[in-house]
Amino acid sequence: MTRPARSLLNKHSKTCSLVLEGSQVKARLIAERIETKTPVHVDWLRFTCLLRNAPTPPVEVLFPEPVVSTLENPLSRFEEENGSYEKQRFARLMRKLTELPDSDYSPSAQAFTLAKRVCEILGDDFLVDVELRKGHDFYKHRWSIERNGVEVGWVGFLASGESPRQQAQAKTLHVNLYGSACTFARHGWRDHMADLVDDVAGVITRCDLALDFFDGLRGGMQRVKADYENGLCNVNGKRPKCNMVGDWTHGDQGKGRSFYIGSKEGGKQTNLYEKGHQLFGEKDSSGWIRAELRYGNKLRVLPSDMLRRPADHFAGASEWHAALLAEANALAIPQPVPCKKQLAIQTVEAEVTRVIRWVATTAGQSLALFVKYATLDQFAAMVDGLGKPGRLRKFNNHEIASAFNAAAGRVLKGASAGHAFA
């Protein structure tokens, strides 16, 4: 076969695979919508719990029998190679666990038990890989949750560093379920997962709520842009940030477009994008558009009921979100997830404190020289037109002023004692 022919065959194979996978995803989403009677799909989930609240490992894991090397005991090798699949997996698991330091054994066993519990909720297609893997997000290790041999989630444990923050993280377990896990989980998994979050006193750190318009959204992506420009996406009279990605210069002929509303920093961001193009490629003609509301726990407490009532929490994001849901012919009782004022105050104070501390300890001498010898006009000319530091741009002037008054005295008193301005 010639190289051009082989290249064409490979491209055709990839296209067929893409279409098949996309069709499976769409079929699962439609089936879930019919089964649950709600058009809103949970598409990503992350939660954290303390080790002391995690499920207790079974006795055979907590108090394992001594593992005899297969090199020393041929019978052990025979049993490992010829036993049932579950026995083989358990034997490999225990071998991996016993290779860990004693201090790591208990967290590893608890993490594996939690991962197994998650798999039982997701369905029979999901398994915990018994090979211990390197961790993500500053966790030292992870147990991988797989479906058909592909990782669709993981449970992280122990810390990859020695800092105080990392050591605090070492006392937790973290569950991360990708969109593919949520899509192919058995019907009813959301309620059971919410119960698990409650059982382990878990803190949900991310939850994505997706509303699909399989046959297209009225007005398409241009309508989304127009809604934003006309203030329909405003929340409490404020216009959220926006970001446009993809080819927007060719109108409805643009491909792979996304329109982001809100920000990750604020803990609430909505991405409207052409899901059909993502799954089926640029030649897709379905018009499939997804509105994906991504909640994070920055400044918010995400309730487990978000899993039980995804449509209500989608509608509660704003009047515009509720209107989108109405276009999908769905009824919902809007359930807002408000920004915690106290948490917001603590956050802005922390950011202001960092800025003041930097000025006092790093720029103090230069600033003192300027204050002593510069005229008011020179000082005004220096600061005129300067914006806020990057870490404070998400807060308004009133919040910064209040935080400054609370933090400045405390920080500057300590700096003065250390002669930072000398």
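No hydrogens, no waters, no symmetry mates; every other heavy atom, side chains included, goes into these values.
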Next item on the list: For Trp189, check ring pair (Phe, Tyr, Trp, His ring centres under 6.0 Å) against everything at least two apart and list the hits.
Entry: none

Margin query: Distance alone, cut at 3.5 Å: any donor-acceptor contact between the side chains of Glu32 and His187?
Written below: no

Note to self: Tell me whether the NZ or CZ atom of Arg300 lies within the 45° cone about the ring axis of Tyr295 and under 6.0 Å from its centre.
What the structure shows: no

Throw together a table of side-chain donor-acceptor distances under 3.5 angstrom for residues 101-111, partners on residues two or more places apart or in other chains.
from   : atom 1 : to     : atom 2 : distance (Å)
Tyr105 : OH     : Val61  : O      : 2.4
Ser108 : OG     : Asp104 : O      : 2.6
Gln110 : NE2    : Leu51  : O      : 2.7

Note to self: Check this for me, if you would: do Glu99 and Arg95 make a salt bridge, where the nitrogen-to-carboxylate-oxygen distance has to be below 4.0 angstrom?
What the structure shows: no

Check: Within 45° of the ring axis of Trp44 and under 6.0 Å from its six-membered ring centre, is that where the NZ or CZ of Arg206 lies?
Finding: yes

Checklist line | Arg190 and Asp195 ion-paired at < 4.0 Å | finding: no

Note to self: Which residue in the set Asp208, Asn297, Asp137 passes side-chain hydrogen bond (donor to acceptor under 3.5 Å, both in side chains) when paired with Arg46?
What the structure shows: Asp137

Notebook entry, point to check: Any side-chain donor paired with an acceptor under 3.5 Å for Trp143 and Asp129?
Noted result: no

Item checked: Aromatic plane relationship, His141 with Phe157 - under 30° parallel, 30 to 60° tilted, over 60° perpendicular -> tilted

Notebook entry, point to check: Is Lys298 salt-bridged to Glu265, going by a charged N under 4.0 Å from an acidic O?
Noted result: no

Next item on the list: Output the distance between atom CG (Leu217) and atom CD (Gln222), rounded to the nearest 0.5 Å.
Entry: 12.0 Å

Notebook entry, point to check: In Å and rounded to the nearest 0.5 Å, what is the CG to CZ distance from Leu173 to Phe47?
Noted result: 9.5 Å

Margin query: Does atom CD (Glu319) have a neighbourhood of more than 12 heavy atoms from anything else shown, all under 6.0 Å?
Written below: no

Check: Counting only N and O atoms by type, is there a donor-acceptor contact under 3.5 Å from the side chain of Gln166 to the main-chain atoms of Gly161?
Finding: yes

Item checked: Presence of salt bridge, Glu151 and Arg142, under 4.0 angstrom -> yes

Note to self: I want to check a possible cation-pi pair here: Arg290 against Phe213, using under 6.0 Å from ring centre and within 45° of the ring axis as the test.
What the structure shows: no

Item checked: Test item: side-chain donor near acceptor, Trp154 and Tyr139, under 3.5 Å -> no

Item checked: Leu279 side, atom CG; Lys26 side, atom NZ - distance, nearest 0.5 Å -> 10.0 Å

Next item on the list: Answer yes if the side chains of Thr270 and Glu292 hold a donor-acceptor pair under 3.5 Å, and no otherwise.
Entry: no

Checklist line | Tyr178, OH: over 12 other non-hydrogen atoms inside 6.0 angstrom | finding: yes

Next item on the list: Determine yes or no for a side-chain-to-main-chain donor-acceptor pair under 3.5 angstrom, with Ser160 supplying the side chain and Phe138 the backbone.
Entry: yes

Note to self: Looking at Ala317, is its backbone amide N or carbonyl O close enough to the side chain of Lys268 to form a donor-acceptor pair, meaning the two atoms are under 3.5 Å apart?
What the structure shows: yes

Next item on the list: Taking all heavy atoms of Arg239 and all of Glu229, pick out the closest pair and write down the distance.
Entry: NH2-O, 3.2 Å

Margin query: Check this for me: does any side-chain nitrogen of one of Asp124 and Arg147 sit under 4.0 Å from a carboxylate oxygen of the other?
Written below: no

